[in-house]
Amino acid sequence: MTKIKSFDELRKIKAKIIKTSGEANSPNSLIKIKVGMATCGIASGAGEIMQVLVEECERQAIDVTIKQTGCLGYCYAEPMVEVQIPGAEPVVFGYVDKNRALEIIGKFILQRKPIEGVIPVSFKTINELN
Amino acid sequence: MTVLKKQVRIALRNCGVIDPEQIEDAIACDAYFALGKCLTTYSPDEVISEIKTSGLRGRGGGGFPTGLKWEITKNVESDQKYVVCNADEGDPGAFMDRSILEGDPHSVLEAMAICGYCIGANTGLIYIRAEYPLAIQRLKIAIKQAEEYGLLGDDILGSGFDFKIEMRYGAGAFVCGEETALIHSMEGLRGEPTVKPPFPSVSGYLGKPTNVNNVETFANIPVIINKGAKWFSRIGTEKSKGTKVFALAGKINNVGLIEVPMGTTLREVVYEIGGGIVNGKKFKSVQTGGPSGGCLTKDFLDTPIDYDNLVAAGSMMGSGGMIVMDEDDCMVSIAKFYLEFTLEESCGKCNPCRIGNKRLHEILTKITEGNGTVEDIERLKELSDVIKDTSLCGLGQSSPNPVLSTIANFEDEYMAHVKEGKCPAGQCKSLLRYDIVEDLCTGCTLCFRNCPVGAITGERRLPHFIDQSLCIKCGVCFEKCKFDAITLT
Amino acid sequence: MDTINLTIDNKTIEVKKGTSILDAAAEVGIEIPTLCHMKLHDLNIENKPGGCRICVVEVEGRRNLAPACCTDAHDGMEISTHSLRVVNARRTVMELILSDHPFECLICAKSGNCDLQDMAHQLGIREVHYKGEQSHYRADTSPAIIREIDKCIMCRRCETMCNDVQTVGVLSAINRGFNSVVSPAFEMNLDHSECTYCGQCVAVCPTGALTEVDETGKVIRALADPTKTVVVQTAPAVRAALGEEFGLEPGTLVTGKLVAALRRLGFNHVFDTDFAADLTIMEEGTELLNRLNRFLSGDKDVKLPILTSCCPAWVKFFEHQFPDMKDIPSTARSPMQMFGAIAKTYFAEKLAVKREDLVVVSIMPCVAKKYERGRDEFKVNGNPDVDHVITTRELAALIKLSNIDFNALPNEEFDNPLGESSGAGVIFGTTGGVIEAAVRTAYEIQTKKELPRLDFDELRGMEGIREATIDFDGLPIKIGIAHGLGNARKLLEDIQAGKSEFHAIEIMSCPGGCIGGGGQPYHHGDASILKKRQMAIYREDSNKAIRKSHENPYIINLYKEFLGEPMSEKAHHLLHTQYFDRTEKVKI
């Protein structure tokens with residue numbers, strides 16, 4: 001990895017990263033799945049859910065990016081999975097067990113049908129505040 | 001369903017958004033942009049002035065103005081200075097810092113570098129408890145990745161500024177969250193506080209000027225730089241700017257980590273964000289500030305949460321633990337619980353804390369066991385005042401707060417214990433009494449057969465009796481009786 | 001120098017910036033009570049953890065009370081040292097301390113000498129309102145020091161002495177909260193640790209938590225045994241301090257009364273360790289000159305500097321800490337052990353008494369001597385050269401127990417042949433004294449000329465590390481002196497690093513030397529007492545008719561009748577020793 005030698009270079013690298021990973025909401029990017037993998041999530045079984053999601057997507061040959069992320073704050077509803085379908089708002093699912101994980105893929109992603117366990121987003125991001 | 005967005009995520013902005021083990025994810029969310037901005041466009045004084053203007057105050061509990069702390073450390077002449085991140089989170093039930101470090105380690109690393117640039121330090125140390133293995137692992141990965149990108153190390157972004165970050169591990173002693181104790185622990189000495197002054201800003205790690213800030217404080221810094229102090233200071237109340245992360249726990253439906261603007265009321269936190277009390281029970285109290293804090297009653301539900309209001313209400317902000325209690329919680333037992341914690345976590349250095357808290361705990365035990373007197377309550381108050389007045393460090397100076405605030409706000413519960421021998425919440429076992437109602441007892445012998453200590457006697461088909469001197473209040477008879485013939489008072 | 005103005009109890013005063021509230025108050029005659037605080041002026045020793053909270057005062061405008069010992073006075077401060085709030089807090093804290101302290105004053109070794117007892121009295125405590133569980137720890141007995149940690153009040157003075165002053169590092173606080181206690185690591189026994197038994201922890205302990213092993217009972221039994229001949233030797237520093245136990249001014253010399261008291265206690269022969277100190281000079285001085293001359297003639301095997309070896313704590317210190325340097329110190333035994341060896345051979349033969357029937361008792365300013373006498377190398381077939389060691393304090397207790405009116409005693413002389421000593425033997429009791437005594441003899445043996453002067457002021461004083469060059473008739477001899485093991489460590493590290501240029505170094509473990517030993521009357525934090533004892537020692541020296549060891553006629557006679565000459569085979573056998581690597585001996 002080459003060292004970043006100036007602030008300008010950092011800006012360019014950011015632009016490049018965003019371009020390669022695909023603009024968050026652009027309709028032609030991949031479906032993104034995030035699993036809350038902080039200590040709280042892992043303790044509630046997030047590791048296993050992650051594995052189920054990876055294996056199921058491979059089995060069904062669904063082109064998605066699955067990654068870990070930190071704590072979403074909804075401890076009462078761990079493990080948490082966030083799914084972002086291109087062009088739509090991300091949806092957060094709580095109380096995800098193996099069945100619900102399969103449901104997320106089979107029903108929500110493949111059939112775009114609503115399923116149980118959606119956790120309403122209750123916060124504003126820094127970009128929503130002016 | 002419409003959801004009011006009561007929360008604002010500044011410190012937690014990237015938690016749950018990025019993969020904490022991928023620096024590219026963080027960069028995509030502007031990580032190290034604030035550092036870049038500082039190194040290329042601002043002088044250290046300008047950055048400090050920006051932090052001061054933002055009104056940011058220490059999130060570890062003390063609430064000391066962060067910009068001022070940086071300025072003091074900057075103004076001390078020294079060949080070597082240090083930036084220390086206090087990640088020794090220890091309040092019972094609190095996990096704000098852990099979540100930030102596990103979800104967005106780069107925000108802390110970036111802020112430490114900014115602080116180093118401001119005060120003239122090129123070494124940062126993160127003091128983290130060894131019980132946080134995942135946070136440690138993610139920090140290590142983040143430090144390595146930042147070094148590979150040249151965002152930490154020598155000549156950062158071609159500015160000529162060098163900054164390296166090392167880890168130091170704590171053994172989970174609560175008192176090591178106190179900055180002088182933390183520094184002694186980092187030096188390999190016993191984790192004990194020393195009298196301030198000298199403050200760490202003047203004489204800290206290895207006797208050098210040291211700026212100690214908490215994880216959450218640091219996590220706010222990049223946003224203040226990127227968005228501007230004015231933007232930040234619009235959030236919050238007059239004297240408490242920005243947001244505060246709370247670990248919401250206890251008898252509440254939505255247990256979790258929340259971040260709300262300063263000035264949000266307890267009612268909004270408990271009923272809107274927290275989803276109300278479990279099983280629709282009655283709210284009794286909310287405890288803030290951890291073992292140093294106090295218990296607030298329903299009268300304070302509409303008080304906007306900020307540093308000064310909480311202190312005025314007899315509690316404190318603390319690092320962000322918030323525990324909700326309902327009608328089934330005994331406030332004497334709650335005070336005893338917190339004291340048990342300080343008792344174990346006191347370093348033992350000064351007498352009021354080492355022995356005084358032990359005596360407070362013994363008096364509380366006496367009360368919960370039904371042997372307390374009205375004088376004991378007076379003694380609790382008197383001793384608490386002396387402990388607060390004479391203890392060496394913040395731990396001892398605040399350890400009686402749970403006792404004093406529960407006496408102030410729930411004196412009737414204390415009185416019920418000592419005068420009537422009753423625990424209104426039914427929590428203090430020694431004060432319970434099981435009786436068999438003669439008219440309802442059929443003499444089925446079920447209670448007799450199940451009593452583990454043989455406290456129940458009686459002839460078959462005749463009313464039974466409980467020998468109170470033998471009864472251990474286990475409640476088995478009460479549960480087993482099919483005729484509701486056993487009462488609990 | 002910047003000065004500031006402040007008010008203490010309505011008295012306005014001007015003090016230097018950086019003065020503590022405690023010191024500022026003292027300047028206007030207000031003595032704020034302290035318990036954990038201890039400051040030994042001149043020795044640069046200070047313990048102020050700010051832990052006891054007895055010295056709290058009220059500062060106008062401050063949220064809580066301030067500990068006077070570790071809070072600097074500031075300009076414009078208004079301080080009250082005895083307001084209701086202060087007195088209430090102080091007494092409550094005292095009651096708390098007492099609530100966790102055994103009420104065993106009547107049978108405590110420190111009764112009457114206890115800072116805690118005095119403070120309870122000063123604060124007028126008549127009742128302890130707080131009662132509850134008391135800390136309980138097992139007692140730990142070692143050959144020299146007893147730890148009764150139930151009585152520890154966590155003042156941390158012993159830690160300051162053990163870690164900062166002596167750099168031995170055995171005692172530190174362990175555990176947390178109510179269970180905190182000062183202890184060797186892992187709560188190991190003291191005799192498994194690297195403790196040197198220097199006794200400085202005992203010397204500063206405000207309570208009875210740390211005391212010496214009491215051997216007075218054994219001495220009383222020996223004196224009462226008609227089958228035993230009991231001889232006693234008394235170390236130089238004892239005569240300069242014993243009077244304090246009987247209300248005399250510090251620095252009063254009580255040599256004659258001491259001899260009279262020992263005789264009245266029933267010792268058959270009252271001798272002087274100073275005699276053996278003269279003997280030590282003969283052996284150690286000769287060894288020094290041997291090494292020096294071999295070194296000067298180009299012998300590469302010879303190691304310099306030579307280090308003194310009279311101090312048992314120092315010996316144990318280097319055996320633990322610097323085992324690779326165990327061939328550097330002189331092989332000469334300490335005066336106490338030389339005395340024991342001579343008493344149980346030469347003197348026993350003279351009396352025609354079997355060594356088993358001769359009991360040697362030592363009166364020492366030291367607790368490490370209790371350990372030293374038990375070392376295997378100082379025994380013959382299991383019979384030790386020195387049977388019992390009691391400290392200056394224990395001797396005072398013995399005198400009081402025996403209804404002897406010490407102050408009314410006449411001055412008496414030591415017995416012969418082991419009681420005569422030179423002034424050189426006397427000054428063994430203070431830092432700088434052993435090396436000055438050695439110089440007086442070595443100079444004359446080396447140069448074969450008479451010394452032009454006897455007082456070497458350049459070797460005297462209270463500085464922790466001192467150095468001087470003495471002109472041996474054209475040959476400059478470089479001398480180093482350290483007292484306190486922390487200072488000794490610095491010199492040893494220089495030697496290890498090859499930076500030392502000294503020919504000879506004197507080391508004493510205790511601050512001030514033996515006059516400040518762990519077995520001396522308690523100084524209660526007043527370092528001026530040590531200075532007065534030191535002056536007394538030099539006074540005794542200058543009053544002596546003979547002031548050089550090699551001129552002591554009984555020493556000359558001892559060599560003629562018994563030993564032959566210094567470093568002879570017999571002398572080597574009886575008066576020299578060897579050292580051991582103790583790094584493996586520490587058991588956890």
Checked A:Val35, A:Asp8, A:Thr39, A:Leu72 vs chain B; the most non-hydrogen pairs under 4.5 Å come from A:Thr39

Check whether B:Ala249 gets within reach of chain A through its side chain, its backbone, both or neither, counting any heavy atom under 4.5 Å.
-> neither

Which heavy atom of B:Gln7 sits nearest a heavy atom of A:Ser122, and at what distance?
-> NE2-OG, 3.2 Å

Max heavy-atom pairs within cutoff under 4.5 Å with chain A, candidates B:Ile258, B:Asp25, B:Leu248, B:Ile156, goes to B:Asp25

Nearest atoms (heavy-atom pairs only) where B:Lys227 meets A:Asn127 = NZ-OD1, 3.4 Å

Side chain, backbone, both or neither of B:Leu101 within contact of chain A (heavy atoms, under 4.5 Å) | neither

Hey, which of B:Ala31, B:Gly103, B:Gly36 has the most heavy atom pairs under 4.5 Å with chain A?
-> B:Gly36

Reported NZ-to-CD distance for the pair A:Lys16 and B:Glu24, which is rounded to 0.5 angstrom = 10.0 Å

Tell me, side chain or backbone of B:Arg13 under 4.5 Å from chain A's heavy atoms, or both, or neither?
-> side chain

Pair count under 4.5 Å, heavy atoms only, with chain A: among B:Ala28, B:Gly158, B:Cys15, highest is B:Ala28

Output the distance between atom CE (A:Met37) and atom CD (B:Glu21), rounded to the nearest 0.5 Å.
-> 8.5 Å

Proximity breakdown for B:Val245 and chain A, heavy-atom pairs closer than 4.5 Å = neither

Which answer fits B:Asp155, side chain, backbone, both or neither, if we ask what part of it has an atom under 4.5 Å from a heavy atom of chain A?
-> neither

Name the region of B:Ile10, side chain, backbone, both or neither, that has any atom closer than 4.5 Å to a heavy atom of chain A.
-> both

Check each atom of A:Met80 against the heavy atoms of chain B and say whether the ones under 4.5 Å are side chain, backbone, both or neither.
-> neither

When the 4.5 angstrom heavy-atom criterion is applied to A:Glu78 and chain B, the contacting part is neither

Rounded to the nearest 0.5 Å, how far does CD of B:Glu102 lie from CD1 of A:Ile42?
-> 7.0 Å

How close do A:Gly70 and B:Pro20 get, heavy atom to heavy atom, and via which atoms?
-> N-CD, 4.1 Å

When the 4.5 angstrom heavy-atom criterion is applied to B:Glu147 and chain A, the contacting part is backbone

Should we say atom CD of A:Glu9 is surrounded by more than 12 heavy atoms from elsewhere, each under 6.0 Å from it?
-> yes

With distance as the sole test, does A:Ser6 use its side chain to make a donor-acceptor pair with the main-chain N or O of B:Leu157 at under 3.5 Å?
-> no

About how many Å separate SG of A:Cys75 and CZ of B:Phe95, when rounded to the nearest 0.5 Å?
-> 3.5 Å

Cut-off 4.5 Å, heavy atoms of chain A, and the answer for B:Phe33 is both

Select one option (side chain, backbone, both, neither) describing which atoms of B:Val8 are under 4.5 Å from chain A's heavy atoms.
-> both

With a 4.5 Å limit on heavy-atom distance, are the side chains of A:Thr69 and B:Gln22 in contact?
-> no

Counting only heavy atoms not in A:Glu116, do more than 12 sit closer than 6.0 Å to its CD atom?
-> no

Pairs flagged by ring pair (Phe, Tyr, Trp, His ring centres under 6.0 Å) wherever residues 45-104 of chain A is involved - sequence neighbours left out | A:Phe93-A:Phe108

Pairwise distance CG(A:Leu10) to OG1(B:Thr40) - rounded to 0.5 angstrom | 10.0 Å

Verify whether the ring centers belonging to A:Phe7 and B:Tyr32 lie closer than 6.0 Å.
-> no

Greatest number of heavy atom pairs closer than 4.5 Å to chain B - which of A:Gly73, A:Cys40, A:Gly41 = A:Gly73

Spacing of A:Thr125 atom OG1 and B:Leu12 atom CG [to the nearest 0.5 Å] = 12.5 Å

Among B:Ile235, B:Asn253, B:Leu257, B:Asp19, which residue forms the greatest number of heavy-atom pairs with chain A at distances under 4.5 Å?
-> B:Asp19

Region of A:Lys34 in contact with chain B, defined by heavy-atom distances below 4.5 Å | side chain

